[in-house]
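Just below is one structure, and these are the notes that go with it.
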Number of protein chains: 2
Amino acid sequence: MLTFQNFKKRTAPTLESVCRDLIRENKERISVKKEEVAVRNMTRILEAVFALNREKGFGAMSLRDLSRRSGLSMGALYSCFPGKEELRSMILRRGAAYTREVILDQAPACATPAERLETAIETHLYLSESLRPWFYFAYMEASSLPRRERRRAKEDELATEQIFLDILLEGVAGGSFHCADVELTAALIKAVLQDWYLKRWKYKRKGITVEGYARFVVEFVLSRLTGNA
Amino acid sequence: MLTFQNFKKRTAPTLESVCRDLIRENKERISVKKEEVAVRNMTRILEAVFALNREKGFGAMSLRDLSRRSGLSMGALYSCFPGKEELRSMILRRGAAYTREVILDQAPACATPAERLETAIETHLYLSESLRPWFYFAYMEASSLPRRERRRAKEDELATEQIFLDILLEGVAGGSFHCADVELTAALIKAVLQDWYLKRWKYKRKGITVEGYARFVVEFVLSRLTGNA
DNA sequence: GTCTATATACCGATAGAC
DNA sequence: GTCTATCGGTATATAGAC
């Protein structure tokens with residue numbers, strides 16, 4: 001079992017570190033040239049974006065709201081990103097890429113399908129817990145994209161689901177899993193993992209920790225896959 | 001097993017019929033006095049709202065967008081609802097009330113817990129399938145509400161979950177279900193049901209019908225509850 | 001690199017003709 | 001009941017001082 005502490009120690013997914021990747025990825029579209037300045041400002045910007053996204057949604061958020069909340073002037077904002085729509089695209093693109101990197105970096109090939117499934121579930125939950133506002137933003141804003149980008153967002157979602165599907169298929173092929181519909185099972189796992197960061201208020205109210213939730217999901221799914229018939 | 005056809009025949013959840021309830025519920029806040037006119041216009045308004053909600057989100061939708069899409073002028077819009085925020089509130093309030101009415105109206109008390117659980121899952125899925133854009137809207141907009149209304153939206157969500165929780169508790173008490181954590185199991189069911197209307201593009205692509213999805217969810221959950229250990 | 005001031009377009013909401 | 005015209009205010013984005 002992977003603990004949340006060990007995950008954080010190994011992967012260290014802080015807002016600032018992902019912001020740094022975002023800055024480097026979009027260097028030519030950002031007029032601020034000193035990386036340290038850009039990272040510091042972008043971190044404050046994203047903190048404000050995510051807070052305002054929770055309160056009123058990105059579409060209803062104005063750049064004046066963002067300026068006030070982040071403490072940066074309108075001019076400073078525009079020196080860090082080229083426009084509101086582009087800011088959203090940058091955030092979504094980097095988030096999807098980072099998720100893919102982390103999830104693919106985790107599963108040791110030598111483990112059994114059951115162990116791999118457990119690790120994949122834990123990793124996904126711990127990552128979304130570490131960057132919960134980012135994940136929440138990505139989920140809520142993915143459908144408000146221009147056609148071309150929305151298409152890619154859907155492919156990103158299917159790619160994550162595919163990771164679970166592959167593990168299920170291996171387990172079924174090797175005889176350790178029994179499952180009539182692996183595709184729907186993979187979709188179910190994905191939906192349950194997303195509920196953790198979409199409805200955190202609910203689990204917080206119930207007093208559930210992320211490790212407790214992980215244990216529940218792993219046990220629920222594995223008992224279905226390895227149980228009778 | 002409840003079929004989608006039988007559900008629709010018995011409950012008949014059309015956009016127009018729910019709009020009629022919405023009009024009656026908010027009669028004093030709507031200046032159009034002929035009910036037939038108000039229902040016809042409100043139906044067109046909600047069709048446009050839901051379409052624009054999918055494309056850009058309610059917050060980013062302007063009333064001019066809405067006017068263009070619905071074919072009604074700005075003045076006609078304001079004769080059907082008192083303002084943009086109030087329109088959102090009216091939609092969310094009626095949707096939550098209607099869902100509660102339909103779900104509570106369905107479970108025959110004589111059935112076993114397993115049958116009641118099956119019926120509750122099917123009813124929820126069939127209702128969200130019939131009014132999918134409404135459910136999608138309610139999910140996406142519930143978090144962008146003023147404090148007081150958001151609080152009630154959360155209670156509505158918990159009330160639906162409570163229906164599943166009650167069935168699980170009865171089953172456990174009667175010995176027909178085995179379940180270590182009924183609260184998390186109820187939350188899991190809810191999350192999986194929501195995924196159906198939130199990610200329909202995914203299931204459509206896979207060729208899954210609402211009845212196929214219902215069968216999968218019922219089988220998955222029941223096998224866990226009535227299986228070993 | 002960060003600020004204030006401003007250009008231009010559009011917002012939600014309303015008044016008054018028909 | 002529905003329309004067009006228009007109100008005051010605010011939106012995104014930019015220009016130019018420092």
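In what follows, chains are A, B, ... by sequence order, proteins preceding strands, each numbered from 1. Heavy atoms only: backbone and side chains are in, while hydrogens, waters and symmetry mates are out.
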When rounded to whole Å, the CZ to C1' distance for the pair A:Arg68 and D:dA11 reads 12 Å
Would you say that more than 12 heavy atoms from the other residues, nucleotides or ligands in this model lie under 6.0 Å from the NZ of A:Lys206, or not? yes
Taken to the nearest whole Å, CZ/B:Phe58 to C1'/C:dC11 is 14 Å
Between CG of B:Leu52 and P of C:dG12 the distance, given in whole Å, is 11 Å
Hits for side chain to side chain donor-acceptor pair (under 3.5 Å) against B:Ser31, two or more places apart or cross-chain, chain-then-number order -> none
Measure all distances between protein nitrogen or oxygen atoms and nitrogen or oxygen atoms of nucleotides 13-18 of chain D, and list the pairs falling under 3.5 Å.
unit_1: D:dA13; atom_1: OP2; unit_2: A:Tyr78; atom_2: OH; d: 2.8
unit_1: D:dA13; atom_1: OP2; unit_2: A:Lys84; atom_2: N; d: 3.1
unit_1: D:dA13; atom_1: O5'; unit_2: A:Tyr78; atom_2: OH; d: 3.2

Residues at least two apart in sequence or cross-chain that pass side chain to side chain donor-acceptor pair (under 3.5 Å) with B:Thr14, listed by chain then number, are B:Ser17
Hits for side chain to side chain donor-acceptor pair (under 3.5 Å) against A:Glu36, two or more places apart or cross-chain, chain-then-number order -> A:Arg20
Considering only heavy side-chain atoms of A:Ser62, the closest of D:dA11, C:dC11, D:dT2 is D:dA11
Salt bridge (Lys or Arg N to Asp or Glu O under 4.0 Å) filter on A:Lys190, not counting sequence neighbours, yields A:Glu157
- Below 6.0 angstrom between ring centroids: does that apply to A:Phe50 and A:Tyr136? no
Between CZ of B:Arg88 and C1' of C:dG12 the distance, given in whole Å, is 14 Å
Sorted by chain and number, sequence neighbours left out, side-chain contact (heavy atoms from CB on, under 4.5 Å) with B:Glu122 holds for B:Met1, B:Leu2, B:Glu118, B:Tyr126, B:Ala214
By salt bridge (Lys or Arg N to Asp or Glu O under 4.0 Å), A:Arg148 pairs with (sequence neighbours left out) none
To the nearest angstrom, the CG-P distance between B:Leu77 and D:dA5 comes to 17 Å
By salt bridge (Lys or Arg N to Asp or Glu O under 4.0 Å), B:Lys56 pairs with (sequence neighbours left out) B:Asp65
Residue pairs meeting side chain to side chain donor-acceptor pair (under 3.5 Å), one or both in residues 75-90 of chain A, sequence neighbours left out, come to A:Glu85-A:Arg88, A:Arg88-A:Glu141, A:Ser89-A:Glu149
By salt bridge (Lys or Arg N to Asp or Glu O under 4.0 Å), B:Asp21 pairs with (sequence neighbours left out) B:Arg94
Ordered by number, residues from residues 29-46 of chain A within less than 4.0 Å of DNA chain D (heavy atoms) are none
Sorted by number, residues from residues 17-27 of chain B placing a heavy atom under 4.0 Å from DNA chain C are none
